[in-house]
Amino acid sequence: MSWKDARRIMKAKIAELIQQAVAAYLQSLGLAPPESLDCTIQLPKNPAHGDFATQAAFALARHLKRPPIEIARGLAAHWPPSDLVASVEAAPPGFLNIRLRSSGMANALRTVLTQGAEYGRSRMGEGKTAQVEFLSANPTGPLHIGHARNAIAGDTLARILAAAGYTVTREYYFNDAGNQMRNLGESLRVRYLQALGHDAQLPEDGYFGNYLVDIAARLRAEHGDSLAESADVDFFTAYAVQHILKLIEEDLRALDIHFDVWTTETAMYREGRVESVLRRLRERGFVYDHDGAVWLRSTAFGDEKDRVLIKSDGSMTYLVPDIAYHDQKLERGFDLIVDLFGSDHHGYVPRLRGAIEALGYDASRVRWRLYQMVTLLRSGVQTKLSKRAGEIVTIQQMVAELGRDVVRFFFLMRELDSHLVFDWDLALKADWTENPVYYVQYAHARICSIFEKAASLGFTWEGLEASPLDRLTLPEEQALIKEMTRFGDVVERAARDLEPHGITLYLRELAATFHNYFTRGTRDPDSRVIQPEDPGLMQARMALIAAVRIVLRNGFALLGISAPEKMERQAAAPEC
RNA sequence: GCGCCUGUAGCUCAGUUGGAUAGAGCGUUUGCCUCCGGAGCAAGAGGUCGCAGGUUCGAAUCCUGCCAGGCGCGCCA
């Protein structure tokens with residue numbers, strides 16, 4: 001039985017008990033129960049309010065025209081006996097606080113240990129396929145900080161969807177033709193000529209990055225000066241693309257990101273898909289000619305204006321191959337298709353959705369996830385990371401200076417809908433002082449350290465059978481178990497909302513709950529895990545921290561960060 | 001002007017889909033190392049939840065109108 005089933009069954013049982021209490025209470029007043037009753041069950045954040053709470057009394061207050069607190073007391077008085085619930089009490093202004101018997105806690109802990117790496121997985125996407133298209137940066141240069149949020153959030157969403165049961169495909173779509181690419185090829189040609197000692201100038205809007213100098217040197221090494229007279233820009237473009245893709249793959253490796261499928265714009269032409277969607281859109285009556293151009297009637301689907309598909313000079317707008325690509329994705333049959341865009345592309349969504357609906361697809365299969373823009377805060381100066389302006393910080397530099405875990409975690413700490421300020425100084429400073437990443441990883445290392453210490457004394461955890469879980473009676477222990485039961489909800493919510501940041505927040509809270517427990521042990525020897533005089537208690541506590549370690553690891557895996565067994569104490573970075 | 005997103009502690013942000021006394025981190029003040037790792041823990045200070053109305057037992061959360069910031073609004077990609 002998965003955690004989800006366990007919780008659903010528990011909630012259902014409690015809802016049933018509430019209904020019974022309502023019926024008994026109303027009967028005592030000589031009234032019939034209402035046709036429908038909102039007896040929503042919530043998990044109170046304040047432990048003094050029990051394990052579950054319901055506001056059914058408020059809902060009833062409306063029908064009965066009595067004060068909610070009076071009704072809550074009546075419900076508590078008519079609560080049916082149950083082996084699940086230990087106590088029920090009414091609390092002003094009308095809540096009903098429900099406390100479970102402790103056996104429920106032990107069961108929750110047992111579930112974590114039994115399921116191990118599977119704990120927290122959901123069956124939400126069971127039997128379904130999902131495709132996540134992210135990053136999709138055109139290969140005009142190595143990745144930099146402006147790409148990081150997309151790359152990291154996209155990869156993490158893919159991990160989360162996989163944990164939710166989907167079979168996931170990660171896909172990168174890029175443009176390998178068109179003006180930008182011609183410009184790139186021209187820039188490489190100039191760099192190549194310069195490498196040969198010719199006097200050549202980069203075009204004003206060319207690509208000035210040094211990586212083209214390196215690629216030009218390689219080109220010269222392979223071909224000598226045989227291309228000096230070549231006007232074949234396509235050759236230079238293809239050569240540049242091929243080598244820049246290698247750079248991008250290196251960048252992605254640094255972040256532990258891989259793609260399953262790489263798709264190009266030219267493939268959309270080559271495979272006849274561009275023609276195909278144009279023909280079908282026209283057949284379905286959503287295409288018309290005007291001012292010498294060919295238009296898509298996207299206003300029919302809520303777009304603010306119609307969009308040009310074929311310009312009056314006969315060339316395609318970028319929209320057409322994109323429609324063709326989405327047609328291809330939909331045709332491949334994914335149940336869920338995720339497009340991750342920066343919010344600067346949000347105006348693009350309605351026209352693409354319109355085109356998809358015009359082709360006759362159910363557009364709800366595609367979910368456009370937009371993330372807000374990133375600002376870099378460095379040495380007290382804020383810099384916007386727009387495409388053109390701003391200082392260029394490459395992914396390689398970031399990972400080299402801050403480490404993969406810090407970079408990934410920092411980009412995942414914020415809700416996608418909110419602007420993200422990347423505080424470089426804090427991230428750097430975090431090498432030796434407090435930092436959310438280290439804080440969370442430290443909890444894991446501490447657990448490993450306890451097991452190591454125990455082993456040095458000759459003790460190991462002997463499994464669930466040897467662990468009397470009912471010995472876990474400290475409030476800190478109960479709090480840890482309760483925190484762990486939330487994990488599945490957190491994962492499922494992240495998957496449902498396509499929103500990774502809840503995982504980082506959750507792990508921080510779990511780590512805080514653990515550090516709190518640990519610190520109790522430093523003050524009070526009886527609260528420590530290692531109890532040579534009381535092997536049963538020690539086994540139970542080892543079971544507890546083994547479970548915490550499992551949940552931490554599962555969470556780290558979702559975020560793509562490591563689970564260190566030791567924290568290397570790092571010397572303060574040299575202050576120049 | 002129109003559209004999307006955001007406005008919560010000095011700063012960066014959470015807030016479990018409308019619930020109980022609005023929470024963390026950084027910074028700040030003060031305690032705690034004979035210890036399973038002090039990269040930690042506990043406590044204090046710091047709030048008109050942008051403003052004004054509305055909806056109801058109950059609003060940071062939902063509705064309306066303003067104000068402020070970001071991003072879009074091309075036969076560019």
Side-chain angles (χ1 to χ4, degrees), chain A residues 40 42-46 48-49 53 55 57-59 61-62 67-69 91-95 97 138 175 178-181 290-295 304-305 307-313 315-319 322 342-350 370-373 375 377 384 386-387 413-423 426 429-436 438-439 441-443 445-447 449-454 457 486 489-490 493 497 501-502 504-506 508-509 512 515-525 527-531 541 545 566-570:
Chain A
T40 311
Q42 51 172 316
L43 285 75
K45 47 191 167 190
N46 184 342
H49 296 147
Q55 60 269 36
F58 292 112
R62 212 161 299 173
I69 181 64
F95 294 97
N97 295 332
N138 284 339
N175 185 339
N179 291 335
Q180 237 188 95
M181 288 300 122
H290 178 69
D291 283 350
V294 176
W295 297 70
E304 34 182 48
K305 54 183 81 163
R307 306 293 169 176
V308 170
L309 296 173
I310 304 176
K311 299 180 236 173
S312 49
D313 68 2
S315 63
M316 301 280 178
T317 63
Y318 60 96
L319 180 58
D322 274 7
S343 68
D344 51 342
H345 287 84
H346 76 258
Y348 190 59
V349 173
L370 302 172
Y371 60 89
Q372 293 297 314
M373 306 316 280
T375 306
L377 176 62
K384 281 177 206 163
S386 69
K387 281 182 187 141
M413 282 195 302
R414 304 291 175 239
E415 191 177 24
L416 293 181
D417 270 340
S418 96
H419 297 262
L420 187 150
V421 177
F422 192 97
D423 188 338
L426 178 70
K429 201 169 70 171
D431 275 347
W432 70 87
T433 181
E434 191 164 309
N435 168 298
Y438 293 130
Y439 180 89
Q441 290 180 323
Y442 183 38
R446 267 183 156 170
I447 292 172
S449 174
I450 294 174
F451 278 115
E452 199 175 300
K453 171 89 179 190
L457 297 172
R486 282 180 52 215
D489 277 330
V490 169
R493 190 178 171 204
D497 297 344
H501 89 303
T504 61
L505 293 168
Y506 169 77
R508 220 217 144 266
E509 279 165 29
H515 286 311
N516 184 292
Y517 176 52
F518 182 91
T519 303
R520 176 171 175 144
T522 67
R523 287 193 307 266
D524 169 17
S527 298
R528 291 181 200 162
V529 171
I530 298 175
Q531 298 289 337
R541 286 183 176 163
I545 64 169
K566 286 191 191 311
M567 301 299 287
E568 297 303 329
R569 209 172 264 275
Q570 297 184 20

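Letters A, B, ... are given to chains in the order of the sequence lines, protein chains preceding strands, and every chain is numbered from 1.
Comparing atom distances between the A/M567 side chain and each of B/A14, B/A39, B/C57 picks out B/A39 as nearest. Taking only side-chain atoms of A/S449, from C-beta outward, the nucleotide of B/C5, B/C36, B/G74 with the closest atom is B/C36. Of all nucleotides listed (B/C75, B/G38, B/C41), B/G38 comes nearest to the side chain of A/Y442.
Taking atom CG of residue A/L319 and atom P of nucleotide B/A77, one finds them 10 Å apart after rounding to whole Å. Protein atom CD1 of A/I530 is 12 Å distant from nucleotide atom C1' of B/G37, rounded to whole Å.
Syn is the conformation of B/U17, whose glycosidic angle sits no further than 90° from 0.
Here A/Y439 reaches the OP1 or OP2 of B/C41: one of its side-chain N or O atoms lies under 4.0 Å away. A sub-4.0 Å separation between OP1 or OP2 of B/G38 and a side-chain N or O of A/R446 is present.
Across all strands shown, A/A91 has heavy atoms under 4.0 Å from base atoms, whether or not it also approaches the sugar-phosphate. Looking at heavy-atom distances under 4.0 Å, A/N175 makes contact with sugar-phosphate atoms alone, never a base. Here A/K305 lies in heavy-atom contact (under 4.0 Å) with sugar-phosphate atoms only. Heavy atoms of A/V421 sit under 4.0 angstrom from primed sugar atoms or phosphate atoms, though from no base atom. At the heavy-atom level, A/R493 lies under 4.0 Å from the strands shown only through sugar-phosphate atoms. Residue contacts shown for A/D423 are absent, as no nucleic acid heavy atom lies under 4.0 Å away.
Applying the 3.5 Å distance criterion, the base of B/C75 shares a donor-acceptor pair with the side chain of A/S312. Scanning atom types as modelled, one donor and one acceptor separated by under 3.5 angstrom connect the side chain of A/H346 and the base of B/G3.
In this structure, B/C73 and B/G1 make a Watson-Crick or G-U wobble pair, each of the two defining distances being under 3.5 angstrom.
Ring-base stacking between A/F95 and B/A20 is satisfied, the centre separation being under 5.5 Å and the plane angle under 30°.
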